[in-house]
Amino acid sequence: MLRGLTVELLELKNRITTSFSGTEDDLREVLDLIEQDQPVFPFNEYEHLICNLIEKGGLNYNQYIEIRSEYISQNPNLWIFEISAPRGFGEKFAQTYVKGKCSKLKTPSKKLDPNYAGEYDLWLDGITIEVKASRAVDSNSEEPLYVKALARDTNRQFIMNFQQLKPQYCDVFIWVAVFRDEIVLWIMSSDEVEKNPFYSKGQHRGNKGNEGQLHIKHDKIHLFSKYELKDDDLEGAIRKAAKG
DNA sequence: AAGCGCGGTTTATATGGCTG
DNA sequence: CAGCCATATAAACCGCGCTT
């Protein structure tokens with residue numbers, strides 16, 4: 001376990017067992033017990049493991065509290081992975097989050113833009129903005145999202161699929177990439193999206209050929225760092241992208 | 001007129017599957 | 001295997017008739 005790196009759920013067990021100072025035999029016995037057990041909500045594998053290790057005497061309450069608070073503070077975004085509905089995540093969470101970063105962003109309406117017909121998500125002084133969101137989860141896991149959620153510094157594989165992209169209907173894209181420990185925003189002009197080498201157009205069969213997708217994989221993500229919002233000046237980034 | 005309930009429609013992302 | 005396209009599915013949204 002490397003210090004300083006975020007503990008992903010898959011590593012938490014390791015973090016707990018390395019804190020155990022008891023004998024190898026006791027540890028093995030407890031791990032076997034956990035393996036056999038089928039926990040039911042609200043009980044779970046981890047509290048069961050910890051209780052058993054404390055009972056064996058190789059772990060104490062303070063260590064448990066330390067592991068617990070470390071995990072909580074390092075994984076502030078896990079609740080976002082519990083949002084199961086696509087629209088709950090994309091619309092309710094992501095758009096609200098982006099709006100919270102810049103009070104000048106407005107939810108569009110016919111009053112604001114007489115031609116508005118639901119083709120974009122946010123509006124800033126006439127700049128039309130589309131918000132897209134995706135969560136980083138382990139590609140090789142079948143577990144629920146909140147179990148396979150990944151940290152930004154992960155070495156596991158993931159694919160973020162930004163889709164239903166319609167560059168012709170907005171000026172600027174804001175991409176919200178959620179990791180269990182961090183939220184990253186990328187701001188790109190629709191031109192930059194359309195010209196991106198990973199942009200693939202066409203999604204729904206028979207559509208007018210105007211909806212594209214763009215997959216960002218773990219090994220390609222660094223190519224987008226130039227679009228990343230780093231100084232928290234979202235308004236400035238949007239205006240800059242809109243000019244391009 | 002304002003509010004509610006409800007069913008159909010739209011929109012969002014996660015993931016599957018095909019193809020070279 | 002990677003890349004592209006397509007489907008699954010669930011909640012948010014919308015509109016409308018009904019009630020108060």
Side-chain angles (χ1 to χ4, degrees), chain A residues 8-10 77-101 105-123 128-152 154-180 182-188 190 192-224:
Chain A
E8 291 171 352
L9 187 56
L10 301 155
N77 299 334
L78 275 181
W79 65 275
I80 301 168
F81 290 79
E82 294 187 43
I83 303 172
S84 62
R87 289 186 75 177
F89 172 56
E91 218 162 342
K92 249 174 80 194
F93 167 74
Q95 286 187 34
T96 310
Y97 176 79
V98 169
K99 274 177 80 176
K101 287 227 164 252
L105 287 168
K106 299 269 196 293
T107 301
S109 63
K110 285 227 194 277
K111 218 177 239 179
L112 222 50
D113 171 2
N115 298 321
Y116 177 68
E119 65 276 51
Y120 56 91
D121 297 330
L122 294 173
W123 188 93
T128 59
I129 301 160
E130 180 77 8
V131 177
K132 292 291 169 192
S134 188
R135 291 166 283 200
V137 295
D138 191 335
S139 301
N140 301 311
S141 168
E142 307 281 314
E143 298 289 326
L145 295 181
Y146 55 86
V147 172
K148 56 182 173 177
L150 297 175
R152 183 145 195 215
T154 191
N155 49 22
R156 294 173 188 276
Q157 299 187 310
F158 60 84
I159 300 173
M160 289 184 168
N161 186 15
F162 294 93
Q163 54 199 303
Q164 323 255 92
L165 306 175
K166 298 183 279 289
Q168 62 276 88
Y169 291 140
C170 68
D171 303 319
V172 174
F173 281 92
I174 298 178
W175 288 359
V176 182
V178 180
F179 296 87
R180 57 164 51 221
E182 211 176 316
I183 296 175
V184 181
L185 296 184
W186 289 296
I187 292 93
M188 299 171 75
S190 48
E192 286 168 327
V193 170
E194 200 162 7
K195 298 216 167 83
N196 189 281
F198 303 109
Y199 179 74
S200 71
K201 56 172 157 186
Q203 179 154 12
H204 292 134
R205 177 181 46 196
N207 79 356
K208 296 147 202 139
N210 59 11
E211 288 187 1
Q213 302 191 12
L214 201 153
H215 291 262
I216 299 181
K217 294 179 39 174
H218 52 95
D219 56 346
K220 309 271 171 50
I221 194 167
H222 66 278
L223 298 171
F224 291 83

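These numbers come from a predicted model, not from an experiment.
Residues of residues 170-178 of chain A that place a heavy atom closer than 4.0 Å to DNA chain B do not occur.
Under 4.0 angstrom from either OP1 or OP2 of C/dC5 there lies at least one side-chain N or O belonging to A/Ser200. Remark: A/Lys92 is not in phosphate contact with C/dA11, judged by side-chain N or O atoms under 4.0 Å from OP1 or OP2. At C/dG3, one or more side-chain N or O atoms of A/Lys220 fall inside 4.0 Å of OP1 or OP2 (strictly under the cut-off). Taking 4.0 angstrom as the limit, A/Lys148 places a side-chain polar atom (N or O) nearer than this to OP1 or OP2 of B/dT15.
Checking side-chain atoms of A/Trp186 against main-chain N and O of A/Phe224 turns up a donor-acceptor pair under 3.5 Å. Side-chain N or O atoms of A/Asp121 include none that pairs as donor or acceptor with a backbone N or O of A/Ile129 at under 3.5 Å.
Of the candidate nucleotides B/dT15, C/dC13, B/dT13, B/dT15 has the atom lying nearest to any side-chain atom of A/Leu145. Nearest to the side-chain atoms of A/His215 among the listed nucleotides C/dC5, C/dT9, B/dA14 stands C/dC5. When each of C/dA2, C/dA6, B/dA12 is scored by its nearest atom to the side-chain atoms of A/Lys217, the top-ranked nucleotide is C/dA2. Nearest nucleotide to the A/Glu142 side chain, out of C/dC13, B/dT15, B/dG16: B/dG16. Comparing B/dT15, B/dT13, C/dA6 by their closest approach to the side chain of A/Val137 singles out B/dT15. Checked against B/dA12, C/dA10, B/dT15, the side chain of A/Ala85 finds its nearest nucleotide in C/dA10.
Spacing between atom OH of A/Tyr97 and atom C1' of B/dA12 amounts to 19 Å, rounded to whole angstrom units. The distance from atom CG of A/Asn161 to atom C1' of C/dA8 is 14 Å, rounded to the nearest whole Å. Between A/Phe162 atom CZ and C/dC4 atom P the separation is 16 Å, expressed in whole Å. Nucleotide B/dG16 holds its C1' atom 15 Å from the CG atom of A/Asn140, rounded to whole Å. Here C/dG3 presents its C1' atom at 15 Å from CD1 of A/Ile216, a figure rounded to the nearest Å. Straight-line distance from the CD atom of A/Gln164 to the P atom of B/dA14: 12 Å, rounded to whole Å. In this entry the distance linking CZ of A/Phe158 with C1' of B/dT15 reads 16 Å, nearest Å. Between A/Phe89 atom CZ and B/dT15 atom P there is a gap of 12 Å when expressed in whole angstrom units.
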Checking A/Tyr97 against A/Lys99 for the side chain to side chain contact (heavy atoms under 4.5 Å, CB included) test, could you report, in this order, the C-alpha distance in whole Å, the side-chain angles of both residues, the deciding distance, and whether it holds? CA-CA 5 Å; A/Tyr97 176 79; A/Lys99 274 177 80 176; over 6 Å; no

Taking it one step at a time, do A/His218 and A/Thr154 satisfy side chain to side chain contact (heavy atoms under 4.5 Å, CB included)? CA-CA 9 Å; A/His218 52 95; A/Thr154 191; 5.9 Å; no

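Looking at heavy-atom distances under 4.0 Å, A/Asp219 makes no contact with the nucleic acid at all. Backbone-only engagement by A/Ser134 is indicated by non-hydrogen atom pairs under 4.0 Å involving sugar-phosphate atoms exclusively. No engagement by A/Ala94 is indicated, since no non-hydrogen atom pair under 4.0 Å with the nucleic acid exists.
Between A/Phe89 and A/Phe93, the ring-plane angle classifies as parallel under the 30° and 60° cut-offs. Using bins of under 30°, 30° to 60° and over 60° for the plane-to-plane angle, the ring pair A/Phe162/A/Trp175 lands in the parallel bin.
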Sub-3.5 Å pairs of nitrogen or oxygen atoms, protein against nucleotides 7-10 of chain B:
| residue | atom | partner | partner atom | Å |
| --- | --- | --- | --- | --- |
| B/dT10 | O2 | A/Arg87 | NH1 | 2.8 |

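In the model, A/Ser190 has no side-chain atom that pairs as donor or acceptor with a side-chain atom of A/Gln168 under 3.5 Å. A/Asp171 and A/Tyr120 form no side-chain donor-acceptor contact under 3.5 Å, judged by distance and modelled atom types alone. Looking only at atom types and distance, the side chain of A/Lys148 has no donor-acceptor partner in the side chain of A/Ser139 under 3.5 Å away. Side-chain atoms of A/Gln157 and A/Asp138 include no donor-acceptor pair closer than 3.5 Å.
Judged by distance alone, with hydrogens and angles left aside, A/Gln213 brings a side-chain donor or acceptor within reach of the base of C/dA6, the pair sitting under 3.5 Å. Contact of A/Gln163 with B/dA12 (side chain to base): no donor-acceptor pair of N or O atoms is detected under 3.5 Å.
Within a 6.0 Å radius of NZ in A/Lys92, no more than 12 heavy atoms belonging to other residues, nucleotides or ligands are found.
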